[in-house]
Structures are given as C-alpha cells and as structure tokens.
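Residue numbers begin at 1 in each chain, while the letters A, B, ... track the order of the sequences.
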Amino acid sequence: MENGNNIAFCLERIDAKFRETFPRRLFEWHGENAYSYPWRQTQEPYAIVVSEFMLQQTQVKTVIPYYLKWMERFENWERLANASEGEVLKAWEGLGYYARARNLHKIAKIVFYEKQGILPSEPTELLKLPGIGLYTANAIASLAFGKKTVALDANGIRVLVRLLSIHQPVNKVRALKELSRMAMNLLSEDSDFSLFNSALMDFGRAVCKALAPKCMICPLKEICQAEQPEQLPFKPKKRIEVRKEKIAILRKEDSIWLHQADSKTGRYRGMWVFPNFDPFAMEQKTILFSLPAFLSRYKIFLEVCEAAWKQEQLFQPNLWQGEWIKKEKISFLPLPAPHRRIWMKLMTERAFSPHPG
DNA sequence: TGTCCACGTCT
DNA sequence: AAGACGTGGAC
C-alpha cells in the first residue's frame with residue numbers, strides 16, 4: 001500500500017467547488033458566530049502566549065477564569081520573569097500539565113532577560129522555546145504577529161479530516177505538515193490567516209464537534225466527504241490501566257507532612273503532595289478513605305491512610321524533601337487536584353480541621 | 001470506585 | 001516513537 005499513510009494522496013479530493021466554497025462559507029459562519037474570548041481582544045504577544053499555553057490540552061471554558069486571574073497577577077513578561085516558581089504553580093493549580101506553567105515561566109525569563117522583552121515572531125524561532133510545538137508556534141505567529149501561517153489544533157484537524165474523509169491517522173508531524181500545507185493552498189496571499197485559524201478552531205468546537213457533530217446545521221455539509229464523521233479522525237484506542245497507590249497522612253500537633261514532588265518521574269514536579277506510604281519508614285494506623293484519580297491512561301485509586309513515622313529521629317526531614325506544614329498554610333501551597341481533593345475531604349473531618357470546634 | 005473522552009509537547 | 005503528562009465534563 002504505497003499511499004497507505006500518505007495524506008497528500010487524499011488531496012486530489014479538493015476540487016474547484018471545494019476550493020471556492022470552504023473558505024467562503026467558513027468565514028461567513030465565523031462572521032455570524034465569532035466568539036469573543038478575553039484573549040481575542042488583543043494582539044499583545046504576552047497575552048497570546050499565556051492563552052495558547054493554557055489552551056494546550058485544555059478546553060476554553062476551563063481556561064477563561066485562569067487566564068483572567070493570571071493576567072491580573074502577572075501582567076507582562078517582567079512580572080512573570082520575576083515571580084517565584086511557587087507563585088507560578090499556585091496560579092496554575094487545577095489546570096493540570098504543570099510542565100506548561102514551568103515552561104511559560106522559563107520563556108518569560110528568556111524573553112525578559114535575554115531578548116530585551118521581545119518575543120520572536122517567526123515560527124521557526126518560536127519552536128526553539130520550551131513548551132512551544134508546531135501548533136503553538138504557528139498560532140502565536142499568526143495571532144500575535146499577523147504571519148501568513150496555518151495553525152492546526154485538534155479542532156482544525158478534525159474539520160479538515162472529515163471534510164476530506166481522511167482515514168489515515170494524523171498524529172505525526174509529517175501528516176500535520178501536509179494538512180497545513182493543504183490548508184495554506186486554500187487561502188490566498190491577502191487572506192487573513194489569523195482569522196482563518198480562529199474560525200477553523202471555533203467551527204470545530206461549535207459545529208464539527210468531536211462527539212456529536214451538528215451536521216444538520218453545518219454550512220459545509222454539501223462539500224463534506226465524510227460518511228461517518230463521528231468516526232473521524234481515526235484514533236487507536238488506548239487502554240485504561242487501573243492502579244492503586246497508598247497515600248500517607250502524617251500529623252504532628254497542628255501540622256501535616258507534605259513534600260515537593262520529586263523531579264525524577266516528572267509528575268507534579270514542584271507541586272506539594274502528601275507522601276506515598278512507605279512501609280519501611282512509616283506505620284499505618286487507619287485507612288481513612290480512597291479517591292479515584294485519572295492520570296492520562298491510568299486510573300489510580302488513592303487509598304488515604306493515617307500514618308506515623310516509625311522512628312522520626314532517624315529520618316532527617318531533608319532526606320524526605322518535605323516538612324511539617326501548618327494546616328492553615330496548606331491552602332496557599334500549589335497542590336495537584338487529587339491531593340487538593342484529599343485535603344478538602346480531610347478538612348471535613350473534625351480532627352483535621354484547622355479551626356476545630 | 002461510574003466510565004469515557006478531549007486536548008499538544010516532550011522524550 | 002510509543003508513552004508520559006492531568007483535569008473536567010458529557011453521558
């Protein structure tokens with residue numbers, strides 16, 4: 001199968017009618033249905049970068065309140081560059097994929113301290129910055145700098161894949177580039193690429209939806225070649241793996257033992273977490289409750305137990321990279337969602353409440 | 001202890 | 001280059 005995984009092969013399906021109808025109808029639709037997100041009010045590079053980082057792997061509705069708070073707190077490159085990692089992670093708490101926050105922080109330092117506060121405007125330069133991949137580089141270039149470049153996120157990809165009935169998986173860089181080039185050819189030199197990118201994403205989100213596409217009201221219906229649009233794009237199923245982890249709650253007077261997640265695994269790096277139960281160093285008392293946590297393809301049941309150090313004097317605090325934290329201070333630390341949930345639940349139990357009685 | 005799904009970058 | 005990284009929401 002010579003053309004088995006070649007998307008270019010599918011491009012023959014673009015005829016004159018498609019070429020004419022697609023951009024025109026898309027822009028028409030956008031004219032009547034444009035969304036006005038906070039980051040659409042500006043072309044300021046910093047604001048665009050912040051919003052694009054938050055929007056990676058995260059839906060618009062979730063991002064809006066975080067974005068507004070962030071821009072109030074870290075209003076420009078300088079503020080962000082000079083913030084502490086703790087502050088940054090705290091502002092990101094609950095958004096997930098915390099590497100995004102650390103990378104954004106790194107970029108602020110690079111831009112402010114090494115580039116005189118000027119963000120590069122070329123996609124190839126943007127790609128060199130941490131946390132910026134193909135999509136984000138092109139999105140920033142078009143939205144903040146008016147570059148004539150196509151930015152395809154999952155929404156845009158889905159729309160094109162369905163319109164052209166592309167059955168090949170599109171998750172590889174090469175396939176993505178082919179699709180982008182194809183989209184590029186549908187526009188002319190004087191087209192507004194920034195508007196096109198926004199329109200395509202909005203359209204994918206609102207009409208050509210992943211789960212229940214609104215084909216009945218779709219303005220592109222007559223040029224859509226998908227027979228079963230909800231089956232596209234094709235994605236191999238990933239199987240869920242169930243795991244169990246035991247979390248230890250160690251108490252001393254009005255403090256709880258917390259530590260900063262270790263950097264080896266990368267998970268939750270820099271965030272504060274309750275320790276895993278360690279049978280060599282700890283003694284289990286009672287099992288309090290357990291909570292499910294979803295991490296990528298894992299479903300982890302966190303079994304939370306009350307525990308104590310076996311012989312505390314033998315374990316130097318710095319060996320465990322942790323410390324006793326006063327209960328009322330915990331709410332000021334950045335905790336990942338499952339650990340934040342554990343703490344919420346503990347707070348409702350009288351013995352743990354920072355304000356007992 | 002509901003289950004499944006969406007959503008880019010890095011290694 | 002498969003798999004890690006997290007959360008919230010639809011059903």
Side-chain angles (χ1 to χ4, degrees), chain A residues 5 49 51-66 89 92-104 106-107 123 126-140 151-159 161 169-177 179-180 197 201 204-206 208-214 230-245 261-271 273 287-304 334-342 344-345:
Chain A
N5 53 12
V49 172
S51 67
E52 287 304 333
F53 265 68
M54 290 187 171
L55 287 163
Q56 289 170 4
Q57 298 295 94
T58 307
Q59 293 176 354
V60 170
K61 200 174 150 195
T62 311
V63 165
I64 291 174
Y66 280 89
L89 289 173
W92 203 272
E93 183 185 67
L95 261 185
Y97 290 113
Y98 300 96
R100 295 181 294 170
R102 294 192 298 269
N103 285 333
L104 181 55
K106 279 185 209 157
I107 291 180
L126 288 162
L127 270 172
K128 295 176 186 164
L129 296 170
I132 294 185
L134 204 54
Y135 162 73
T136 308
N138 287 309
I140 295 169
L152 289 181
D153 74 341
N155 294 299
I157 292 166
R158 189 170 59 246
V159 174
V161 161
V170 206
N171 49 6
K172 296 204 173 78
V173 174
R174 196 178 118 241
L176 261 174
K177 285 185 174 167
L179 257 196
S180 305
N197 291 334
M201 291 187 255
R205 190 153 50 231
C208 200
K209 303 200 294 176
L211 287 182
K214 298 184 174 174
E230 62 286 347
Q231 310 276 359
L232 295 175
F234 168 76
K235 277 182 198 146
K237 280 218 161 92
K238 54 181 176 185
R239 64 173 70 134
I240 300 291
E241 198 178 311
V242 179
R243 284 188 188 172
K244 207 183 247 186
E245 279 179 23
D262 81 313
S263 51
K264 274 167 263 166
T265 65
R267 177 176 304 171
Y268 298 144
R269 201 184 318 159
M271 306 286 283
V273 294
I287 291 180
L288 298 166
F289 51 82
S290 70
L291 290 174
F294 290 85
L295 284 121
S296 142
R297 51 181 271 265
Y298 301 101
K299 182 178 185 179
I300 303 174
F301 288 101
L302 299 172
E303 190 173 59
V304 180
L335 268 65
H339 290 251
R340 179 60 65 200
R341 238 179 293 140
I342 289 173
M344 293 301 193
K345 195 147 185 192

**Student:** In whole Å, what is the span from the OH atom of Y97(A) to the P atom of dC5(C)?
**Tutor:**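 Interatomic distance, OH of Y97(A) to P of dC5(C): 10 Å.
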
**Student:** According to the salt bridge (Lys or Arg N to Asp or Glu O under 4.0 Å) rule, which pairs have a member within residues 127-136 of chain A, sequence neighbours left out?
**Tutor:**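 Only E125(A)-K128(A) qualify under salt bridge (Lys or Arg N to Asp or Glu O under 4.0 Å).
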
**Student:** Could you list where the contact with chain A starts and ends along DNA chain B, reading 5' to 3', using a 4.0 Å heavy-atom cut-off?
**Tutor:**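 Here the contact window of chain A covers dT1(B) to dC10(B).
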
**Student:** Would you call I342(A) and L288(A) a side-chain contact if the rule is heavy atoms closer than 4.5 Å?
**Tutor:** no

**Student:** Answer whether the closest heavy-atom distance between the side chains of Q56(A) and F53(A) falls below 4.5 Å.
**Tutor:** yes

**Student:** Using the side-chain contact (heavy atoms from CB on, under 4.5 Å) rule, take Y98(A) and M271(A) through it: C-alpha gap first, then chi angles, then the decisive distance, then the call.
**Tutor:** CA-CA 8 Å; Y98(A) 300 96; M271(A) 306 286 283; 3.4 Å; yes

**Student:** Across the strands shown, which category fits N103(A) at heavy-atom distances under 4.0 angstrom: base, sugar-phosphate, nothing?
**Tutor:**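 Touches nothing.
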
**Student:** Quick one: on DNA chain C, does R297(A) or L335(A) contact a more 5' nucleotide (nearest heavy atom)?
**Tutor:** R297(A)

**Student:** Could you go over nucleotides 8-11 of chain C and give all protein N or O partners under 3.5 Å, atom names and distances?
**Tutor:**
none

**Student:** Please give, in whole Å, the distance from dA4(C) P to Y98(A) OH?
**Tutor:**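 Distance, rounded to whole Å: 19 Å.
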
**Student:** Within this structure, what is the CZ-to-P distance between R269(A) and dC5(C), rounded to whole angstrom?
**Tutor:**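 Answer to the nearest Å: 10 Å.
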
**Student:** Whole-Å distance between dG6(C) C1' and I240(A) CD1?
**Tutor:** 13 Å

**Student:** Calculate the interatomic distance between R174(A) atom CZ and dA1(C) atom C1'; express it in whole Å.
**Tutor:**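 It is 15 Å, rounded to the nearest whole Å.
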
**Student:** Touch check for F301(A), heavy atoms < 4.0 angstrom, all strands: base, sugar-phosphate only, or nothing?
**Tutor:** base

**Student:** Y268(A) has an atom OH; how far is it from atom C1' of dG6(C), in whole Å?
**Tutor:**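 Taking OH of Y268(A) and C1' of dG6(C), I get 6 Å after rounding.
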
**Student:** Could you check N197(A) against N138(A) for side-chain contact (heavy atoms from CB on, under 4.5 Å), going step by step and ending with a plain yes or no?
**Tutor:** CA-CA 10 Å; N197(A) 291 334; N138(A) 287 309; over 6 Å; no

**Student:** Looking at every strand, decide which applies to L291(A) at a 4.0 Å heavy-atom threshold: base, sugar-phosphate, or nothing.
**Tutor:**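 It contacts nothing in the nucleic acid.
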
**Student:** What I'd like to find out is whether the side chain of E52(A) reaches to under 4.5 Å of the side chain of I132(A), using heavy atoms alone.
**Tutor:** no

**Student:** As an exercise, state the distance from CZ of R340(A) to CD of E93(A), rounded to the nearest 0.5 Å.
**Tutor:**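 Reported value, rounded in 0.5 Å steps: 4.0 Å.
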
**Student:** Hey, does I132(A) reach any base, or is it just sugar-phosphate, or nothing, if we go heavy atoms under 4.0 Å?
**Tutor:**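 Touches sugar-phosphate only.
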
**Student:** When the nearest nucleotide of DNA chain B is assigned to S290(A) and to R158(A) on a heavy-atom basis, which residue is associated with the more 5' position?
**Tutor:**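 Closer to the 5' end of DNA chain B: S290(A).
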
**Student:** Could you say whether P130(A) or Q57(A) is positioned toward the 5' end of DNA chain B, judged by the nucleotide with the nearest heavy atom to each?
**Tutor:**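 Per heavy-atom nearest nucleotide, the more 5' residue is Q57(A).
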
**Student:** Can you tell me how far the CG atom of L335(A) sits from the CE atom of M344(A), to the nearest 0.5 Å?
**Tutor:**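 Answer rounded to 0.5 Å: 9.5 Å.
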
**Student:** Salt-bridged, E245(A) to R243(A), with N to O below 4.0 Å?
**Tutor:**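 Salt bridge flag = no for R243(A) with E245(A).
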
